[in-house]
Structure formats: C-alpha cells, structure tokens
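What follows is a set of notes on a single structure, which appears directly below.
When a ligand or atom number is given, it counts from 1 through the structure's own listing order. Note that this is a predicted model, so its numbers are computed, not measured.
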Amino acid sequence: MSHRTPLTVAVVGATGVVGRTMIQVLAERAFPVGELRLLASGRSAGRMVPVGDRTIEVGEATPEAFAGVDIALFSAGADISLALAPEAAARGATVIDNSNAWRMDPSVPLVVSQVNGDDLAWHEGIIANPNCSTMQLAPVLMAIRDSVGIDRVVVDTYQSVSGTGADAIAELEGQIRAHVAGEPKIASVYPHPIAFNALPEIDVFLDNGYTREEWKVVTECRKILHLPALRISCTAVRIPVFVSHSEAVHVETSEPLTADRARALIGAVPGVVIQDDPAGHEYPLAVNAAGHDEIYVGRVRQDPSIPDGRGLAFWVVSDNLRKGAATNAVEIAEVLVERGWVPAAARRAAPVEAPA
Ligand SMILES: NC(=O)c1ccc[n+]([C@@H]2O[C@H](COP(=O)([O-])OP(=O)(O)OC[C@H]3O[C@@H](n4cnc5c(N)ncnc54)[C@H](OP(=O)(O)O)[C@@H]3O)[C@@H](O)[C@H]2O)c1
C-alpha cells in the first residue's frame with residue numbers, strides 16, 4: 001500500500017466536539033481519505049454533516065459499520081470504545097482511540113506522536129491517544145528526560161470546558177448569559193457553576209484522594225515516557241475557558257539545568273514553540289493557542305526551592321481539541337501510513353479482547 005493510497009477512515013463520535021475537529025484536521029493535513037465514514041449514536045443516524053464542500057450522512061456505530069474500514073478514529077467515550085474498538089479491529093481496522101478505555105492496557109501502545117511513535121510498532125489493532133493534559137506535557141518532559149534527567153514533576157492544570165464536550169461548552173455559555181441577565185446559574189454538567197469559578201474536580205474521585213483526571217496524568221506520563229517509576233503529582237482544575245488547557249509545571253531535574261538551556265532544549269522538540277518574553281508580556285495564552293496544533297511553553301525559570309540549579313518551573317498551553325485529541329490522533333495515523341503499518345489485520349498476532 002503506497003503512502004497515498006486512499007484509505008477508508010471512520011470517525012466514531014463524529015457529531016461531538018473532538019469528532020468534528022478530527023474531520024477538520026484530516027482535511028487540513030490532506031490525509032489520504034478515500035471514503036470518510038461518520039458514525040455516532042442512533043440519535044444522530046441520518047443527520048447530514050457538512051465536510052468541505054459536500055455533506056456526509058451520519059451512520060450508527062455498530063460492529064458491522066466497520067466492514068472495510070482501514071483506520072477508525074474513536075472519540076465517543078470509554079463505553080463505546082470498550083464495546084466497539086475490538087469489533088472494528090477484528091474487522092481489520094486500526095483503531096486510534098481517544099477515550100481512557102485502553103490507555104493503560106499493557107498490550108496497547110499509548111502514543112504522543114513526537115515522543116514515542118516507535119511504540120506503534122507493537123500495536124495489535126488498537127492504539128490509545130493520551131488524555132489531553134498528558135499530551136501537551138509529555139513532549140516537554142521528554143526534552144528534559146533526554147538531557148538532564150527527571151527526578152520529580154508537579155503539575156497543576158487549568159483546563160477548558162471543551163475538554164468535557166459539547167454539553168459543557170453550552171453550560172458555560174448559558175451561565176454567562178444567566179449572570180448578565182441577573183438569573184441563577186444552573187449547573188448540570190458540573191457539580192457547581194463553572195462560570196467565574198475554578199473547580200478542583202475533573203472526572204471522579206479515587207480512593208487515594210486524587211481525581212481520575214489527575215491520576216491519568218501520573219500513569220500516562222510514566223507509560224509514554226518509559227519512566228515507570230517517575231515521581232509525579234498533579235492537581236487538575238476546570239476553569240471557565242472555552243478551548244485550550246494551561247499547565248503550571250515544576251520539575252526537579254537530575255542534573256542542573258538553566259532556564260536558557262531549558263528553552264533551547266524544549267524549543268527544539270517538533271511541534272513545541274517557546275513564547276517567553278515576560279518584559280513584553282509575552283507568554284502562552286489559552287485564547288491564542290486555540291485553533292493551533294502547537295504546544296506553547298513560556299515563563300521558563302529556575303525554581304530556587306530546589307538546590308543546585310536542579311529546579312525548573314514553566315507554563316504550558318495547548319488546544320485540547322487539536323494536539324490534545326484530534327491532531328495527535330491524525331499524526332498517529334500519518335505515522336502508520338508512512339511506515340506501512342496499515343492495515344492492522346496483517347500484523348495482528350491474536351484477536352484483541354476487551355479487558356475484564
Ligand atoms: N474534549 C476533549 O478535549 C477530549 C480530549 C481527549 C479525549 N476526549 C475524549 O473524546 C471522547 C468524546 O469527547 P467529546 O468532547 O467530543 O464529547 P461530545 O462533544 O459530548 O461528543 C460525544 C460523541 O460521542 C457520540 N456518542 C455518544 N453515545 C454514543 C453511542 N452510544 N454510540 C456511538 N456514539 C455515541 C456522540 O454522538 P451523538 O451526537 O449521536 O450523541 C458524539 O458524537 C471522550 O471519550 C473524551 O474523553 C475528549
């Protein structure tokens with residue numbers, strides 16, 4: 001199969017925020033799509049979705065809908081992925097899954113394109129796309145890991161409502177309007193009003209006191225960076241921003257690292273851009289990152305609370321719908337095509353089964 005052989009690509013969750021971004025990113029990057037199959041729940045079946053200068057009818061995501069699909073981009077939640085990703089893979093599709101259903105399965109590669117693309121070599125039909133907060137952090141940590149080593153990471157996130165999906169975007173808009181009109185702010189997606197607020201609760205609470213979102217950052221960073229014992233802690237906070245997640249990161253390095261050298265190392269990572277001119281009030285901003293594929297890093301400085309010049313602090317911002325979800329998924333698909341790893345059926349050792 002040549003690099004440009006048109007492929008049949010399915011987008012599962014095509015009516016959602018991430019699914020729609022995937023359709024857009026596939027077109028922008030001129031991914032070799034022959035047939036584009038848009039799938040969602042039965043509620044959306046029959047709906048016409050504009051794609052470029054045409055419209056495509058949405059079909060219901062069923063096992064049979066994956067017949068003949070080469071690449072299936074899933075973003076319809078973990079339950080759908082658990083049920084349908086093995087069905088798609090069994091029919092010969094290579095699944096790139098955006099949910100948390102498969103990320104920590106040892107037989108499933110969890111890949112950030114510019115960090116561990118080589119892990120795609122051992123996929124057996126399902127590949128996991130990391131959580132958006134992990135995604136924008138891993139390439140930056142990779143630069144530090146590869147130069148001076150990492151002893152410990154503390155990351156605090158400031159995450160946009162689009163990370164929750166279409167309903168949360170509508171909820172923030174509705175609460176802003178209600179505030180201006182002097183009406184009560186009704187919360188249904190989140191446990192408290194998100195407008196003019198900051199909620200230190202993303203996903204469910206675990207027995208260890210962390211939220212699952214925070215724990216995803218911990219476990220996914222370890223897997224992607226091949227640092228199973230990495231000391232890392234996270235506090236994840238939802239804020240009233242529509243698109244882009246921001247992160248305040250503190251790293252204790254193994255060897256000393258100056259801010260200047262850190263900027264050079266981090267800025268050399270593909271897809272990472274340094275924006276760091278405090279005197280000119282220039283640093284990464286959520287609204288500026290929105291709509292772009294890059295990861296922006298600024299406020300790079302030494303952290304004097306760590307001795308011997310081994311402390312580094314910085315600020316990372318990226319569009320959670322693009323690099324945090326859709327763009328990385330399409331980049332993974334591009335690597336598969338370039339390396340001739342589509343279709344998966346030819347490479348699979350054993351049928352993929354859902355975890356118990
Ligand atoms: N938003 C982010 O930044 C982000 C980042 C990384 C990963 N993700 C993950 O991506 C997934 C989707 O997120 P989103 O933000 O796009 O959510 P969303 O806007 O709420 O969209 C959800 C999508 O899932 C579809 N869906 C729901 N139930 C279904 C079913 N039974 N069968 C088939 N499709 C079904 C919906 O179709 P209908 O329109 O028919 O209901 C819709 O297309 C989630 O797993 C999320 O964790 C999101």
Side-chain angles (χ1 to χ4, degrees), residues 10-25 37-49 56-66 72-85 87-88 95-103 110-112 127-138 157-173 188-190 202-204 211-213 216-217 220 236 238-239 241-247 286 289-291 293 317-332:
V11 176
V12 186
T15 52
V17 182
V18 175
R20 279 177 285 162
T21 310
M22 281 173 166
I23 296 166
Q24 206 176 329
V25 172
R37 214 171 283 179
L38 304 185
L39 304 172
S41 77
R43 296 180 293 275
S44 303
R47 206 171 124 185
M48 301 303 289
V49 170
I56 297 180
E57 186 175 343
V58 176
E60 183 172 357
T62 60
E64 297 71 34
F66 295 97
L73 304 174
F74 272 67
S75 85
D79 291 346
I80 308 304
S81 295
L82 282 173
L84 289 180
E87 298 283 355
V95 172
I96 302 169
D97 181 37
N98 244 301
S99 78
N100 66 1
W102 302 91
R103 289 179 188 149
L110 176 67
V111 174
V112 179
I127 295 156
N129 211 33
N131 176 260
C132 34
S133 320
T134 310
M135 192 86 77
Q136 64 187 63
L137 180 59
T157 73
Y158 305 70
Q159 300 185 215
S160 70
V161 296
S162 60
T164 312
D167 292 350
I169 295 172
E171 179 151 306
L172 174 56
E173 268 171 0
S188 58
V189 174
Y190 299 118
I202 302 185
D203 210 329
V204 297
T211 61
R212 190 156 65 190
E213 181 80 359
K216 282 180 217 164
V217 172
E220 293 180 22
R238 187 74 67 192
I239 58 164
V241 159
F242 283 109
V243 176
S244 300
H245 293 346
S246 306
E247 297 179 342
D293 289 321
V317 180
S318 192
D319 183 327
N320 52 293
L321 301 173
R322 284 190 162 257
K323 181 59 188 174
T327 302
N328 194 68
V330 175
E331 286 170 349
I332 287 173

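Counting heavy atoms from C-beta outward, Met22 and Ser75 have side chains that approach closer than 4.5 Å.
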With the criterion set at N/O pairs under 3.5 Å, what does the list of contacts between the protein and ligand 1 look like, atom names and distances included?
unit_1: ligand 1; atom_1: 1 (N); unit_2: Ser162; atom_2: O; d: 2.8
unit_1: ligand 1; atom_1: 1 (N); unit_2: Gly163; atom_2: O; d: 3.4
unit_1: ligand 1; atom_1: 3 (O); unit_2: Asn320; atom_2: ND2; d: 3.0
unit_1: ligand 1; atom_1: 16 (O); unit_2: Val17; atom_2: N; d: 3.2
unit_1: ligand 1; atom_1: 16 (O); unit_2: Val18; atom_2: N; d: 2.9
unit_1: ligand 1; atom_1: 19 (O); unit_2: Val17; atom_2: N; d: 3.0
unit_1: ligand 1; atom_1: 19 (O); unit_2: Ala166; atom_2: N; d: 3.0
unit_1: ligand 1; atom_1: 34 (N); unit_2: Ser41; atom_2: N; d: 3.2
unit_1: ligand 1; atom_1: 37 (O); unit_2: Thr15; atom_2: OG1; d: 3.1
unit_1: ligand 1; atom_1: 39 (O); unit_2: Thr15; atom_2: OG1; d: 2.5
unit_1: ligand 1; atom_1: 39 (O); unit_2: Ser44; atom_2: OG; d: 3.0
unit_1: ligand 1; atom_1: 40 (O); unit_2: Ser41; atom_2: N; d: 3.1
unit_1: ligand 1; atom_1: 40 (O); unit_2: Ser41; atom_2: OG; d: 2.6
unit_1: ligand 1; atom_1: 40 (O); unit_2: Ser44; atom_2: OG; d: 2.4
unit_1: ligand 1; atom_1: 41 (O); unit_2: Arg43; atom_2: NH2; d: 2.8
unit_1: ligand 1; atom_1: 43 (O); unit_2: Gly13; atom_2: O; d: 3.1
unit_1: ligand 1; atom_1: 43 (O); unit_2: Thr15; atom_2: N; d: 3.3
unit_1: ligand 1; atom_1: 43 (O); unit_2: Thr15; atom_2: OG1; d: 2.6
unit_1: ligand 1; atom_1: 43 (O); unit_2: Gly16; atom_2: N; d: 3.0
unit_1: ligand 1; atom_1: 45 (O); unit_2: Gly77; atom_2: N; d: 3.2

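Across Val18, Val243, Val241, a single residue satisfies side chain to side chain contact (heavy atoms under 4.5 Å, CB included) together with Ser162, and that is Val243.
Under the salt bridge (Lys or Arg N to Asp or Glu O under 4.0 Å) criterion, Glu331 pairs with Arg29, Lys323, sequence neighbours left out. Scanning for side-chain hydrogen bond (donor to acceptor under 3.5 Å, both in side chains) contacts around Thr15 gives an empty result, with sequence neighbours left out. Applying the side-chain hydrogen bond (donor to acceptor under 3.5 Å, both in side chains) rule to Arg212 yields the partners Asp203; only residues at least two apart in sequence or on another chain are considered.
Side chain to side chain, Arg103 and Thr134 fail the donor-acceptor criterion of an N or O pair below 3.5 Å.
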